Amino acid sequence: MPEMTNPDAGRDGPGDGVQIDLVSAARMDGLTSMEKVRLILDGVRDGKIVILEQGLSPDEESKLIEVTMSEINPDDFTGIEIETYPSSSARKGGLLGRLMGGSDDNKLTVIGPANQIETLHKDEDLISALVSRR
Amino acid sequence: MGVITEIRDSIFRATNRLFAGPEPKRIGIYGPPNAGKTTLANRIARDWTGDAVGPESHVPHETRRARRKENVEIERDGRTVTIDIVDTPGVTTKVDYEEFLDEMDEEDAIRRSREATEGVAEAMHWLREDVDGVIYVLDSTKDPISQVNTMLIGIIESRDLPVLIFANKTDLEEANVKRIADAYPQHEVVPLSALEGQNMDTVYDNVAEEFG
Ligand SMILES: Nc1nc2c(ncn2[C@@H]2O[C@H](COP(=O)(O)OP(=O)(O)OP(=O)(O)O)[C@@H](O)[C@H]2O)c(=O)[nH]1
Ligand SMILES: [Mg+2]
């Protein structure tokens, strides 16, 4: 007989899958810095991987780190993994750098929960995340 | 304004500078955990003031509160440059208390992680509001292009703060200063060993030059 064996099921959304939110530049454009940070952290704290089409400004990145730090707690949140594409070095050359025009506004940003992302690896033109189920 | 007043004012300003000095620039020492920030801050403070800033440790997040050493007077070529140095907690995007459990019991590990997160939040806030220049310390044995380093240096650049990158731990065999210089060609990269005191003359030359 099928039983609920995973007490966390439901809390993380349907099944055991990993949800990815791809947030368009247009969606982010209308938000304040703190609203952007909130949108990211709400998603990540729900176990999602959030991908921003447009990335954050340096100031927003600094607020994201600050708010992330203030929300870390031993019970359920150990922080975030974050990678941006293209990286500053790839921005000058690399495939993604050319594709994305090379401007700072166009850095695809991937953010996920630190405790579920075992590795978030990037090189010139590939991002790869190994996500573990809880 | 009359000539006399003008002269008097400028003499007043000059003597003011001579005796009180301008407000010392506040130089934040930033970088990832365990890079050697406190070891560097202590060395600078000991070299020029005689006492230390705070404890160093091989366990990351030893520094969990920004610590300031005021009025550090660095003498270079007969000139004195006065700075406040602020040793900050290593910046990261994640802290898991379980990583400290090898070194301490659970209660201490949880406390350490809570203090670390508060300290990093505070250090980020300072970076936006309260520092006039940055010494960014990297461990030269590690890959310099981590996401945290890229973000932090981007934040520093966006604020137009003067910055020096210190390639620390050059006493270690695996140290690779060129990798750091290649990663951040837009900045001055100064190799040193804060622990052994290697290359400190060049360090102080650069500090006086950049922040004086
Ligand atoms: N070999 C070597 N070790 C160093 C050097 N500088 C620092 N260390 C060692 O690296 C470890 C970390 O040094 P700290 O100065 O505590 O590092 P920190 O950057 O302040 O670390 P947090 O406060 O945790 O962010 C200690 O074990 C130091 O002795 C160096 O130049 N060479
Ligand atoms: Mg320290």
Side-chain angles (χ1 to χ4, degrees), chain A residues 33-34 37 40-41 44-45 50 55-92 94 103-105 107-124 127 129, chain B residues 30 32 61 64 88-101 106-129 131 143-161 179-180 182-187:
Chain A
S33 299
M34 280 319 283
V37 166
I40 294 163
L41 286 178
V44 169
R45 294 202 58 176
V50 179
L56 298 171
S57 71
D59 213 57
E60 289 161 353
E61 287 180 343
S62 118
K63 287 183 181 133
L64 176 64
I65 297 175
E66 189 178 337
V67 179
T68 298
M69 286 297 124
S70 70
E71 297 195 359
I72 288 177
N73 69 74
D75 302 324
D76 69 343
F77 185 51
T78 57
I80 60 173
E81 291 283 356
I82 174 168
E83 285 289 354
T84 55
Y85 285 83
S87 62
S88 53
S89 55
R91 226 170 274 159
K92 294 166 206 137
S103 124
D104 258 5
D105 290 349
K107 46 175 192 184
L108 196 73
T109 298
V110 182
I111 305 134
N115 66 337
Q116 278 175 65
I117 296 191
E118 279 167 19
T119 56
L120 190 51
H121 170 81
K122 104 179 147 174
D123 54 35
E124 288 283 283
I127 180 170
Chain B
Y30 283 83
H61 301 299
R64 300 184 292 283
T88 70
V91 174
T92 177
T93 60
K94 57 183 177 185
V95 178
D96 187 351
Y97 78 95
E98 291 182 6
E99 281 168 24
F100 307 133
L101 289 178
E106 181 161 334
E107 196 184 326
D108 285 343
I110 289 175
R111 183 179 326 113
R112 189 181 187 87
S113 84
R114 194 188 55 230
E115 288 172 358
T117 56
E118 286 169 7
V120 175
E122 184 186 60
M124 293 310 299
H125 200 83
W126 274 58
L127 187 55
R128 288 203 307 273
E129 314 274 326
V131 296
D143 182 359
I145 316 191
S146 71
Q147 184 65 26
V148 163
N149 293 337
T150 315
M151 278 196 297
L152 262 275
I153 288 176
I155 292 164
I156 293 160
E157 286 171 351
S158 75
R159 312 206 71 81
D160 269 331
L161 292 169
R179 189 167 51 171
I180 297 178
D182 289 347
Y184 303 104
Q186 69 276 38
H187 296 296

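The sequence lines fix the lettering, A, B, ..., with proteins before strands; numbering per chain opens at 1. Here the structure is a predicted model, which means the values were calculated and not measured.
Judged by distance alone, with hydrogens and angles left aside, the side-chain atoms of B:Thr150 form no donor-acceptor pair with the main-chain N or O of B:Ile145 at under 3.5 Å. Remark: side-chain polar atoms of A:Asn73 are paired, donor with acceptor, to backbone N or O of A:Asp76 under 3.5 angstrom. A distance-only check finds a donor-acceptor pair linking the side chain of B:Tyr184 to the backbone of B:Pro144 [under 3.5 Å]. Without hydrogens or angle criteria, A:Thr84 side chain to A:Ile82 main chain gives no donor-acceptor distance under 3.5 Å.
Across A:Glu66, A:Glu71, A:Glu61, the residue that shares the most heavy-atom pairs under 4.5 angstrom with chain B is A:Glu66. Of the listed residues (B:Met151, B:Glu157, B:Arg128, B:Arg114), the greatest number of heavy-atom pairs within a distance under 4.5 Å of chain A belongs to B:Arg128.
Neither the backbone nor the side chain of B:Ile156 comes within contact range of chain A, judged by heavy atoms closer than 4.5 Å. A:Thr68 touches chain B through its side chain: at least one heavy atom from C-beta onward sits under 4.5 Å away, while N, CA, C and O do not. Contact of B:Ser146 with chain A is not made at all, since no heavy-atom distance falls under 4.5 Å.
Remark: A:Ser70 pairs with A:Val67 by the side-chain contact (heavy atoms from CB on, under 4.5 Å) rule, at least two apart or across chains.
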